[in-house]
Amino acid sequence: MLNRRRFLSSSAAAISLPLAASGRSQPAAEAQSLPEPIAALKDRQAEAIPITLAERQQRTERARVLMHQHHLSAICITGGTSLTYFTGIHWGQSERLFAWVLPATGAPFIVCPVFEESRVRERLTTAPDGDRTRIYPWNEDEDHYALAANALSQSGITTGSLGLDERVQFVFANRLGQALPAIQITSAIPVISGCRTIKSNAELALMQLANNITLSVYQAVYQSL
């Protein structure tokens with residue numbers, strides 16, 4: 001008879017699988033205590049083929065095509081999945097401004113806290129035009145929104161429209177608007193979603209693998225109840 005306690009116990013055993021997949025060895029007693037279907041699950045991370053730098057370059061080129069179609073001079077992305085999509089950089093949201101800006105023409109640039117500069121440089125190896133990406137670091141006593149405006153100016157953008165990713169916090173969007181009175185702040189959704197909603201074969205393969213792994217875990221838990 002299935003009850004809540006047995007279900008939670010089996011689910012907890014399934015949750016322990018990422019530790020095994022990460023390469024950590026489980027104690028023999030713990031491995032023996034797992035139900036057979038769960039113990040039989042294999043580490044499949046070697047089947048995941050990472051997105052290549054060349055594919056990310058194609059994404060930025062596609063973004064620029066859409067930027068011209070929607071009359072955007074540049075797009076601005078802070079931390080989150082869109083940043084990872086275009087650059088391969090994993091960066092969470094913060095109360096401090098971190099922004100990756102892709103102009104419609106020319107190299108990208110990054111505005112970030114000065115204490116993050118070295119970490120940013122380490123991660124640019126995964127980003128398209130990483131060797132050409134300029135970094136504008138700011139100190140706590142500096143106006144980083146004015147720095148962002150200066151960076152846009154140096155990229156040749158003094159008028160036009162700046163599209164913001166939907167995850168950009170309001171405080172950043174508001175302060176950028178104040179620092180850029182001659183530039184219209186608008187949504188970058190037509191560009192970013194226009195890229196992300198069309199999946200490449202490599203993305204589809206990763207999504208299918210994730211679905212297959214998830215299904216195998218559900219099946220193993222079900223068989224262990």
Side-chain angles (χ1 to χ4, degrees), residues 10-26 34 37-67 69-70 75-94 98-102 107-108 110 112 116 119-133 163-168 187-224:
S10 298
S11 299
I15 292 169
S16 71
L17 287 173
L19 288 176
S22 68
R24 301 179 186 176
S25 60
Q26 291 181 315
L34 290 174
I38 291 177
L41 289 169
K42 299 184 181 347
D43 178 2
R44 300 181 61 182
Q45 61 181 334
E47 299 177 45
I49 300 175
I51 300 298
T52 64
L53 180 58
E55 180 161 332
R56 289 200 174 90
Q57 184 67 54
Q58 293 173 356
R59 293 172 177 180
T60 59
E61 291 169 0
R62 166 69 177 162
R64 286 188 166 116
V65 170
L66 292 173
M67 288 161 67
Q69 290 179 4
H70 293 277
I75 59 172
C76 174
I77 299 174
T78 53
T81 55
S82 292
L83 180 71
T84 305
Y85 176 84
F86 285 107
T87 70
I89 297 174
H90 294 268
W91 205 279
Q93 296 283 9
S94 171
F98 171 96
W100 178 76
V101 179
L102 178 68
I110 290 174
C112 70
E116 298 283 24
R119 188 158 72 104
V120 171
R121 293 192 185 279
E122 291 173 356
R123 285 160 170 72
L124 282 177
T125 56
T126 64
D129 295 318
D131 56 341
R132 297 197 303 135
T133 299
L164 302 185
D165 180 44
E166 60 184 334
R167 298 294 183 182
V168 175
S187 171
I189 290 177
V191 173
I192 296 174
S193 292
C195 292
R196 293 188 59 180
T197 54
I198 301 175
K199 307 301 183 186
S200 68
N201 289 334
E203 286 179 281
L204 292 174
L206 286 169
M207 294 169 67
Q208 186 63 62
L209 177 61
N211 286 337
N212 293 344
I213 292 172
T214 301
L215 181 60
S216 68
V217 172
Y218 278 126
Q219 185 177 27
V221 172
Y222 175 77
Q223 292 171 344
S224 301

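In this structure, OG1 on Thr60 lies 11.5 Å from CD on Glu55, to the nearest 0.5 angstrom. Expressed to the nearest 0.5 Å, how far CH2 of Trp100 lies from CZ of Phe86 amounts to 6.0 Å. Taking CD1 of Ile38 as the reference point, atom CD of Gln219 lies at 11.5 Å (rounded to 0.5 Å). Note: Gln58 CD to Arg62 CZ = 12.0 Å, rounded to the nearest 0.5 Å. Rounding to the nearest 0.5 Å gives a distance of 7.0 Å between SG of Cys195 and CD1 of Ile75. Summarising the geometry, atom CD1 belonging to Ile110 is positioned 11.0 Å from atom CG belonging to Leu102; distances are rounded to the nearest 0.5 Å.
The nearest pair of heavy atoms linking Thr78 to Phe98 is CG2-O, 3.2 Å. In this structure, Gly163 and Ala188 approach most closely via the heavy-atom pair C-CB, 3.5 Å. Of all the heavy atoms in Ala220 and Ser224, the pair that sits closest is O-OG, 2.7 Å. Minimum heavy-atom separation, Cys112 to Val120: SG-CG2, 4.0 Å.
Counting non-hydrogen atoms of neighbouring residues, nucleotides and ligands closer than 6.0 angstrom, the NZ atom of Lys199 exceeds 12 such neighbours. No more than 12 heavy atoms of other residues, nucleotides or ligands shown are found within 6.0 angstrom of CD1 on Ile49. Counting heavy-atom neighbours within 6.0 Å of Asn201 CG, excluding the residue itself, gives a total of 12 or less.
Arg44 has its side chain within reach of Asn212: a pair of non-hydrogen atoms, C-beta onward, lies under 4.5 Å apart. The side-chain heavy atoms of Asp165 and Cys76, taken from C-beta on, include no pair separated by under 4.5 Å.
For Arg196 and Thr81, the side-chain atoms include at least one donor-acceptor pair closer than 3.5 Å.
For Arg132, the salt bridge (Lys or Arg N to Asp or Glu O under 4.0 Å) partners are Asp129, not counting sequence neighbours.
For the pair Arg59 (side chain) and Tyr85 (backbone), a donor-acceptor distance under 3.5 Å is present. For Thr84 (side chain) and Ile89 (main-chain N/O), a donor-acceptor pair under 3.5 Å exists by modelled atom type. Although no hydrogens or angles enter the test, the distance criterion places a donor-acceptor pair under 3.5 Å between the side chain of Thr126 and the main chain of Thr87. Of the possible polar contacts, one joining the Glu203 side chain to the Ser200 backbone as a donor-acceptor pair under 3.5 Å is found. A distance-only check finds a donor-acceptor pair linking the side chain of Gln93 to the backbone of Arg167 [under 3.5 Å].
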Give the C-alpha distance, both sets of side-chain angles, the deciding distance and a yes or no for side-chain contact (heavy atoms from CB on, under 4.5 Å) between Arg123 and Arg119.
CA-CA 7 Å; Arg123 285 160 170 72; Arg119 188 158 72 104; 2.8 Å; yes
